[in-house]
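One structure is given below, encoded as structure tokens.
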Amino acid sequence: QEQLVQSGGGLAQPGGSLTLSCVASGFTLNTKGFGWFRQAPGKEREGISCIHTNDATYYDDSVKGRFTVSKDIAKNTVYLQMTNLKPEDPAVYYCAAGFDAWGAVIGGLLGGIEVWGQGTPVNVSS
């Protein structure tokens with residue numbers, strides 16, 4: 001059974017940092033692309049970053065220069081390092097994997113996602 005289990009997140013101060021982890025089971029990282037999404041209260045889920053099987057990365061302008069996506073093949077884990085957190089970053093963050101995570105994050109084509117993490121909340125407050 002393919003599964004993504006998330007951890008990390010929580011509360012950070014403005015300007016602070018948090019790292020989200022997404023552990024995959026039932027498949028290996030080199031078989032699917034990964035995307036990170038977030039959904040704030042009252043807003044639609046938005047794609048913010050993705051990493052291809054060839055390690056190419058993409059960032060939405062809202063997080064570019066502040067967030068970094070990476071993967072650890074040995075741990076079968078994908079990470080989202082978030083720095084310089086801003087008041088507009090609070091949301092529930094989701095990792096996802098699929099045959100077209102790139103299209104899902106950039107184009108909103110969620111049919112390319114095969115498995116979702118359970119979501120983890122991120123809050124930014126002083």
Side-chain angles (χ1 to χ4, degrees):
Q1 179 182 1
E2 298 180 342
Q3 190 176 9
L4 297 175
V5 177
Q6 297 180 227
S7 62
L11 176 65
Q13 293 185 339
S17 301
L18 289 170
T19 297
L20 307 182
S21 300
C22 176
V23 181
S25 60
F27 66 99
T28 56
L29 299 191
N30 61 359
T31 62
K32 299 183 193 293
F34 277 77
W36 285 95
F37 299 78
R38 67 185 180 186
Q39 186 167 19
K43 295 187 177 181
E44 293 186 355
R45 188 173 300 189
E46 61 174 347
I48 58 172
S49 180
C50 54
I51 185 163
H52 198 277
T53 52
N54 64 11
D55 292 341
T57 56
Y58 163 84
Y59 300 95
D60 183 79
D61 286 345
S62 63
V63 304
K64 192 176 296 181
R66 301 188 297 123
F67 291 10
T68 303
V69 60
S70 62
K71 54 185 178 182
D72 185 327
I73 298 298
K75 296 183 178 179
N76 221 35
T77 300
V78 175
Y79 302 95
L80 184 69
Q81 295 176 281
M82 305 182 293
T83 64
N84 190 20
L85 285 162
K86 298 181 177 182
E88 57 264 35
D89 290 323
V92 177
Y93 283 69
Y94 299 88
C95 66
F99 62 87
D100 191 12
W102 205 271
V105 168
I106 299 175
L109 304 173
L110 299 184
I113 296 298
E114 298 169 86
V115 57
W116 289 90
Q118 81 276 20
T120 184
V122 169
N123 292 293
V124 179
S125 176
S126 56

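Note that the numbering runs from 1 along the sequence shown for the chain. Values below: every heavy atom of this structure, side chains too, minus hydrogens, waters and symmetry copies. The structure presented is a predicted model; accordingly, all values stated were derived computationally and were not measured.
- Checked by atom type and distance alone, the side chain of N76 pairs as donor or acceptor with a backbone atom of A24 at under 3.5 Å.
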Please evaluate residues V69 and F34 with respect to the criterion side-chain contact (heavy atoms from CB on, under 4.5 Å), reporting the C-alpha separation (whole Å), side-chain torsions for both, the decisive distance (0.1 Å), and the verdict. CA-CA 9 Å; V69 60; F34 277 77; 5.9 Å; no

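- Distance check: E88 CD to K43 NZ gives 8.5 Å after rounding to the nearest 0.5 Å.
- Summarising the geometry of A101 relative to G35, their closest heavy-atom pair is CB-N, 3.9 Å, with the distance given to 0.1 Å.
- In the hydrophobic clustering of this structure, Y94 does not group with V63; members are Ile, Leu, Val, Met, Phe, Trp, Tyr whose side-chain heavy atoms approach within less than 4.5 Å, directly or through other members.
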For D61 and K64, run salt bridge (charged side-chain N to carboxylate O under 4.0 Å, His left out): C-alpha distance rounded to whole Å, both residues' side-chain angles, the deciding distance at 0.1 Å, then the answer. CA-CA 5 Å; D61 286 345; K64 192 176 296 181; 3.2 Å; yes

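- Across all their heavy atoms, P90 and K86 have their closest contact at CD-O, 3.6 Å.
- Taken from SG in C22 to CD in Q3, the straight-line distance is 10.5 Å, to the nearest 0.5 Å.
- Note: E2 CD to T31 OG1 = 7.0 Å, rounded to the nearest 0.5 Å.
- Considering V78, V105, T57 as possible partners of C50, the one that fulfils the side-chain contact (heavy atoms from CB on, under 4.5 Å) test is V105.
- Interatomic distance, Q13 CD to L85 CG, rounded to the nearest 0.5 Å: 11.0 Å.
- With F27 as the aromatic partner, K32 meets the cation-pi criteria of under 6.0 angstrom to the ring centre and within 45 degrees of the ring axis.
- Pairing each heavy atom of Y79 with each of W36, the nearest pair is O-NE1, 3.8 Å.
- Here the side chains of D89 and R66 are in contact, with some heavy-atom distance below 4.5 Å.
- Taking both residues in full, the closest heavy atoms of V122 and M82 are given as CG2-CE, 3.8 Å, listed atom of the first, atom of the second, then distance.
- To the nearest 0.5 Å, atoms OG1 (T77) and CG (D72) are separated by 6.5 Å.
- The CD atom of Q39 sits 8.0 Å away from the CD atom of E44 when rounded to the nearest 0.5 Å.
- At distances below 3.5 Å, at least one donor-acceptor pair connects side-chain atoms of E114 with backbone N or O atoms of F99.
- Placement of V5 and I73 in two distinct hydrophobic clusters is found when ILVMFWY residues are connected by side-chain heavy-atom separations under 4.5 Å, directly or transitively.
- Taking every heavy atom of both residues into account, S70 and I51 meet most closely at CA-CD1, 4.2 Å.
- A donor-acceptor pair under 3.5 Å is formed between the side chain of T120 and the backbone N or O of G8.
- Taking 4.5 Å as the limit, every side-chain heavy atom of L18 sits out of range of all side-chain heavy atoms of Y93.
- Nearest heavy atoms, A104 versus I113: CB-CG1, 3.6 Å.
- Between F37 and W116, the ring planes lie tilted relative to each other; the angle falls in the 30° to 60° range.
- Both L20 and L29 belong to a single network of hydrophobic side chains, linked directly or stepwise wherever heavy atoms of I, L, V, M, F, W or Y lie under 4.5 Å apart.
- No donor-acceptor distance shorter than 3.5 angstrom exists from the side chain of S21 to the backbone of Q6, with no hydrogens or angles considered.
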